[in-house]
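Note that the coordinates shown come from a computational prediction; the quantities given were computed from them, not determined experimentally. Naming convention: chains lettered A, B, ... in sequence-line order (proteins, then strands); numbering from 1 in each chain.
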Amino acid sequence: MEYLPDFDLLRPKTVDEALALRRENPEARLLAGGTDLIVNVRRGIVDPKAVIDINGIADLRTITSPDGGGLRIGAAVTLAELLEDRRISEDYPALCEAAAEVAAASHREVATLGGNLCLDTRCLYYNQSEWWRSANSYCLKHRGDVCHVAPSGKQCFAAFSGDLAPAVLVLGGTVEIAGPNGGRTVPLGEIYEDDGAAHLRLAEDEILTAVHLPAAPPGRSGYAKARVRAAIDFPLAGAAIALRQEGGVLEDLRVALTGTNSCPILIAGTDRLVGETVGEEVAEKLATMLPKQIQPMSSTFTPPGYRRKVVANLVRALFRHLTEAP
Amino acid sequence: MAKSILRLTVNGSGREDAVPANMLLVDYLREVAGLTGTKIGCDGGECGACTVLVDGRSRLSCISLAHTCAGRQVETVEGCATDGRLSLVQKGFHEKLGSQCGYCTPGMIMAASGLLRRNPRPSEAEIRAALSGNICRCTGYVKIIEAVQAAAEGTT
């Protein structure tokens, strides 16, 4: 039998109950779909004393349209549910396309929006079995002293690999976080840090409960992803773009990437391209903005130089696609 | 490890078992319920051999905790045939030679059954998408797709 290490399984019915359990069990881990957590527990890189199953919290499972416009999507809404919701496929195509690109159909039945946003960072030296890692004296992210990707430094370079975060970033999404002192709502980008060993700025007693998307902006959005095994893999790199053009002139442009750093990256300076005429020249200018803002490392089977080229190609191709006549 | 009572339905029959919190659904099915048709192929949800249906939707039982299926309807490959008659999907795999070594077959059959319930007439692309998380080590994919197509057409 392949038993997992011992832990208590707690199944709260409300956010308040979950927060109380979080306070009582500081080392507990939240379980939604389990497609990331359970695998990591099996590999021995996560050893929770308690697991809090949040699937029974009704408030986290709904998609609602608030009065002020936009959408509120509960953190435990599954990717399959996201894909079946017409409000999302019609108004927020980047989010829908990103959800469709996550793993395979059976994963998407249980994997959740919140889980994908809070996905653990990944690395060749980390997502391995216990015997593999022990033979390598472990690594900086878990039990070890050395980052095998950058042995001279003291930073972990495991890559953020969630597909949905760049889409939420370009769509201007905010996240609702419940905590002991009430809730707070912050732009998604604020919950991340570019540090592979501590990439989430969420306190141990906080829970990401929902994503708010502002009223659908006019214009188009999309997501493109490169991966080794097309059916199921995490991204080598992923790019989301939201843009608006009027008479061939760019009026708004936002670009965000995943798989290149330890957190998703909203590309700075794209506003400088607003007012330019859409075409190859702008696509090229956009591609030249990327290299200085990203830092792919040897944390995957594909070398960093290759991933830099892939990112630029993804962004160029997606930009062309979104600026062509639909 | 302390056990607690898990109540759920497996292949149409209600069950009550004392199950530890850390038990995976696949271990519960194989070791407690004795249903060894569901296979374990990898340890990370990468191969699809452990696919079962939970409330009619495909689920990877090797990365699901048994207790998270409390109150749910779980279906395994043992539940497909009724009164000794193969289901349409099973017949498709039999007639179109969709099974070689057979190890991936229970997962393939359950993923395909889940698809056909939601979408009784899937296109080839939809079949490929629904089975994209299921690996066949014998690489018999062409016959597997034909098997699901035959099941959808009811021609077997």
Side-chain angles (χ1 to χ4, degrees), chain A residues 1-11 29 31-45 47-56 76 78-81 83-84 100-111 122 127-130 132 227-234, chain B residues 1-4 6 19-28 30-32 40 42-72 107-108 110-112 114-115 118-119 126-135 141:
Chain A
M1 287 214 235
E2 301 196 29
Y3 280 144
L4 300 175
D6 286 353
F7 52 74
D8 292 326
L9 180 63
L10 308 165
R11 309 191 71 196
R29 295 295 293 256
L31 172 74
T35 54
D36 192 35
L37 180 69
I38 300 294
V39 178
N40 288 351
V41 173
R42 287 190 75 160
R43 296 264 158 92
I45 46 187
D47 185 12
K49 297 290 162 276
V51 169
I52 303 174
D53 175 8
I54 58 169
N55 287 298
T78 68
L79 303 185
E81 288 162 351
L83 288 168
E84 285 164 10
E101 296 281 295
V102 175
S106 305
H107 299 91
R108 294 192 294 267
E109 292 290 351
V110 292
R122 301 183 63 82
N127 300 96
Q128 298 287 355
S129 61
E130 169 65 25
W132 195 104
R227 46 187 165 172
V228 175
R229 180 182 166 200
I232 202 170
D233 254 344
F234 289 96
Chain B
M1 179 90 204
K3 294 179 177 181
S4 57
L6 169 65
V19 173
N22 62 353
M23 188 176 239
L24 293 166
L25 178 59
V26 70
D27 292 324
Y28 169 75
R30 290 177 58 88
E31 310 290 340
V32 179
I40 303 171
C42 71
D43 67 349
E46 295 161 25
C47 80
C50 69
T51 308
V52 298
L53 298 183
V54 176
D55 289 345
R57 317 272 305 216
S58 62
R59 171 85 72 96
L60 298 168
S61 61
C62 84
I63 52 172
S64 303
L65 296 177
H67 273 286
T68 61
C69 296
R72 309 286 200 100
M108 290 280 184
M110 297 319 288
L115 167 70
R118 282 198 314 282
N119 179 0
E126 286 169 331
I127 296 171
R128 284 172 177 269
L131 298 183
S132 64
N134 294 69
I135 294 178
Y141 296 105

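Rounding to the nearest 0.5 Å gives a distance of 9.5 Å between NE2 of A:His107 and OG of B:Ser132. Summarising the geometry, atom CZ belonging to A:Arg42 is positioned 9.0 Å from atom CD1 belonging to B:Ile63; distances are rounded to the nearest 0.5 Å. For the atom pair OG1 (B:Thr68) and CD1 (A:Ile38), the distance works out to 8.0 Å, reported to the nearest 0.5 Å.
With chain B as partner, the option from A:Ala105, A:Gly33, A:Ser106 having the largest number of non-hydrogen pairs under 4.5 angstrom is A:Ser106. Contact tally against chain A (heavy-atom pairs below 4.5 Å) for B:Ser64, B:Ala21, B:Ser58, B:Cys62: the top residue is B:Ser58. Between chain A and the residues B:Gly48, B:Ala130, B:Ala2, B:Gly45, the largest count of heavy-atom pairs under 4.5 Å involves B:Gly45.
Between the B:Asn22 side chain and the A:Pro5 main chain, a donor and an acceptor come within less than 3.5 Å of each other. A:Arg11 places a side-chain N or O within donor-acceptor distance of the main-chain N or O of B:His67, the cut-off being under 3.5 Å.
Looking at A:Asp53, the atoms closer than 4.5 Å to chain B (heavy atoms on both sides) all sit in the side chain, from C-beta outward. With a 4.5 Å cut-off on non-hydrogen atoms, B:Leu131 does not touch chain A at all. When heavy atoms are compared at a cutoff of 4.5 Å, A:Leu37 does not approach chain B at all. Only the side chain of A:Ala80 comes within less than 4.5 Å of a heavy atom in chain B; its backbone stays farther off. Of the two parts of B:Thr51, only the side chain, counted from C-beta on, holds a non-hydrogen atom closer than 4.5 Å to a non-hydrogen atom of chain A.
Atom CZ of A:Arg29 has 12 or fewer neighbouring heavy atoms from other residues, nucleotides or ligands inside a 6.0 Å radius.
B:Gly133 and A:Ile232 get closest at one heavy-atom pair: CA-CD1, 4.2 Å.
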For A:Val110 and B:Val54, what are the C-alpha separation, side-chain angles and deciding distance, and is it a side chain to side chain contact (heavy atoms under 4.5 Å, CB included)?
CA-CA 10 Å; A:Val110 292; B:Val54 176; over 6 Å; no
